[in-house]
Undergrad: 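Right, I'll just put the structure down here and ask away after.
Protein chains get the first letters and strands the later ones, always in sequence-line order, with residue 1 at the start of each. Heavy-atom basis, side chains included; hydrogens, waters and symmetry copies ignored.
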There are 2 protein chains.
Amino acid sequence: MMDIHTTNALRLLQVADEFRASLAGEFSSVHGISVNEFLLMLHLKQATAHRLSRVDLAKRMHVSASTITRMVAPMEKIGLVGRDVDARDARLVFVVATPAGQEKLSDALATFAKRAGYLFADRWEEDELGQLSQMLHRMTARKADMLA
Amino acid sequence: MMDIHTTNALRLLQVADEFRASLAGEFSSVHGISVNEFLLMLHLKQATAHRLSRVDLAKRMHVSASTITRMVAPMEKIGLVGRDVDARDARLVFVVATPAGQEKLSDALATFAKRAGYLFADRWEEDELGQLSQMLHRMTARKADMLA
DNA sequence: GCAATATGCTTGCATATGCAATTATTTTGC
DNA sequence: GCAAAATAATTGCATATGCAAGCATATTGC
């Protein structure tokens, strides 16, 4: 009824929505953070200097810059992240994780890993997991686009 | 640094967010609907009687029942969907697509298919597409859970 | 048959998010 | 070197969404 590309894209959205919904409840009750707050801190950890501007965060998370501004404000207030200004460009305000934020991320990553395990609960082969990893990697937008 | 399950789950969310963001703009400007409105109409089309209660829609879309109520109201107003009451249970109000809604869905599906094609633009083999399809299918929650 | 419980839907309130406009700063073109 | 354009961040306004409470209708237990 639909071509294979359409079917795959629909299944991708379906699985992602399911997984995100299953995460949301546990993240909120156990760690007191949202999935997006978790992903924001993960992006900080993975960034080269462990810090990112709001604009960079917005691009990586596929949300608007204003969303980042409003997400970061309460995270600063509760001490998960801090700010770090750039000496050469006074417009830039880097977001950095505090020690408390790093610990929160570490805890949340354990929950994430557990939930991720549920996704592959029905005996997947190592080969399959590797293939899926490569396929998903190929589906991400070109890095060049991200830097633009 | 992370186990393969975690990596795959993270990539899944990343790809899905990217794809959803790329859809959102074109759906809004070309078809005047949101991605979620599109998915809602798609669920109606795929339902056995081509109609679903708000509660069923909420389960399938992984959103709250109140969200469905508020999504459907403007869609009714602009004539994309109508309502269909159940003779035996006066609490039930089925959502059904109007002819206009079906045409809108058909148009949007063409856009969706085009965007889905971009996801697999770099020469994927038929085998790979089939494997991905099966893998994503295995990752969806059990149907039994959905009906509960 | 009726009270207690469950179910489907809606609504009040709080939070989350995007877009466009605004401000502050930097970069570019000449 | 300076005006124009670009960039980073914020804010006002509108929309989107979840949770809990409320209402109407069905179902259950006795």
Undergrad: Testing the basics here: between B/L109 and A/M2, what is the closest heavy-atom pair and its distance to 0.1 Å?
TA: CD2-CE, 4.1 Å
Undergrad: Can you check the B/L92 CG to D/dA26 P distance for me, whole Å?
TA: 9 Å
Undergrad: Report the residues that fulfil salt bridge (Lys or Arg N to Asp or Glu O under 4.0 Å) with B/R83, sequence neighbours left out, ordered by chain and then residue number.
TA: B/E76
Undergrad: For the helix from C/dG1-D/dC30 to C/dC30-D/dG1, what is the angle between the axes at its two ends, each from 5 pairs, rounded to 10°?
TA: 30°
Undergrad: Mind listing the closest non-hydrogen atom pair of B/L136 and A/L12 along with its distance?
TA: CD1-N, 3.9 Å
Undergrad: Using a heavy-atom distance cut-off of less than 4.0 Å, which residues of residues 46-56 of chain A contact DNA chain D?
TA: A/S53, A/R54, A/V55
Undergrad: Just jot down the side-chain contact (heavy atoms from CB on, under 4.5 Å) partners of A/R91, sequence neighbours excluded, or say none.
TA: A/D89
Undergrad: Can you sort out the partners of B/E26 under salt bridge (Lys or Arg N to Asp or Glu O under 4.0 Å), two or more places apart, ordered by chain and number?
TA: B/K114, B/R115
Undergrad: I'd like to check the salt bridge (Lys or Arg N to Asp or Glu O under 4.0 Å) partners of A/D17; sequence neighbours left out, ordered by chain and number.
TA: B/R20
Undergrad: For residues 40-53 of chain B, which residue pairs pass the side chain to side chain donor-acceptor pair (under 3.5 Å) check, not counting sequence neighbours?
TA: B/R51-B/D84
Undergrad: Return the orientation label for the A/F38 and A/F112 ring planes: parallel under 30°, perpendicular over 60°, tilted otherwise.
TA: parallel
Undergrad: Report yes if a side-chain nitrogen or oxygen of A/T69 is closer than 4.0 Å to either non-bridging phosphate oxygen (OP1 or OP2) of D/dT10; otherwise report no.
TA: yes
Undergrad: Rounding to an integer number of Å, can you tell me how far B/R91 CZ sits from D/dT25 P?
TA: 10 Å
Undergrad: Who passes salt bridge (Lys or Arg N to Asp or Glu O under 4.0 Å) against B/R11, sequence neighbours left out?
TA: none
Undergrad: Should A/L44 and A/V93 be counted in the same cluster of Ile, Leu, Val, Met, Phe, Trp and Tyr side chains packed under 4.5 Å apart?
TA: no
Undergrad: Suppose clustering is done on Ile, Leu, Val, Met, Phe, Trp and Tyr with side-chain heavy atoms closer than 4.5 Å. Which residues sit in the same group as B/F94?
TA: B/L92
Undergrad: Taking DNA chain C as the partner, which of residues 76-88 of chain A come within under 4.0 angstrom of it by heavy atom?
TA: A/R88
Undergrad: Using the 3.5 Å cut-off, write out each protein N or O paired with an N or O of nucleotides 16-18 of chain C and the distance between them.
TA:
residue	atom	partner	partner atom	Å
C/dT17	OP1	A/N36	ND2	2.9
C/dG18	OP2	A/S64	N	2.9
C/dG18	OP2	A/S64	OG	2.9
C/dG18	OP2	A/T67	OG1	2.1
C/dG18	O6	A/R70	NH1	3.1

Undergrad: A/V63: what forms a side-chain contact (heavy atoms from CB on, under 4.5 Å) with it, not counting sequence neighbours?
TA: A/M61, A/T67, A/I68
Undergrad: With side chains defined as the heavy atoms from C-beta onward, is the minimum distance between B/F120 and A/I4 less than 4.5 Å?
TA: no
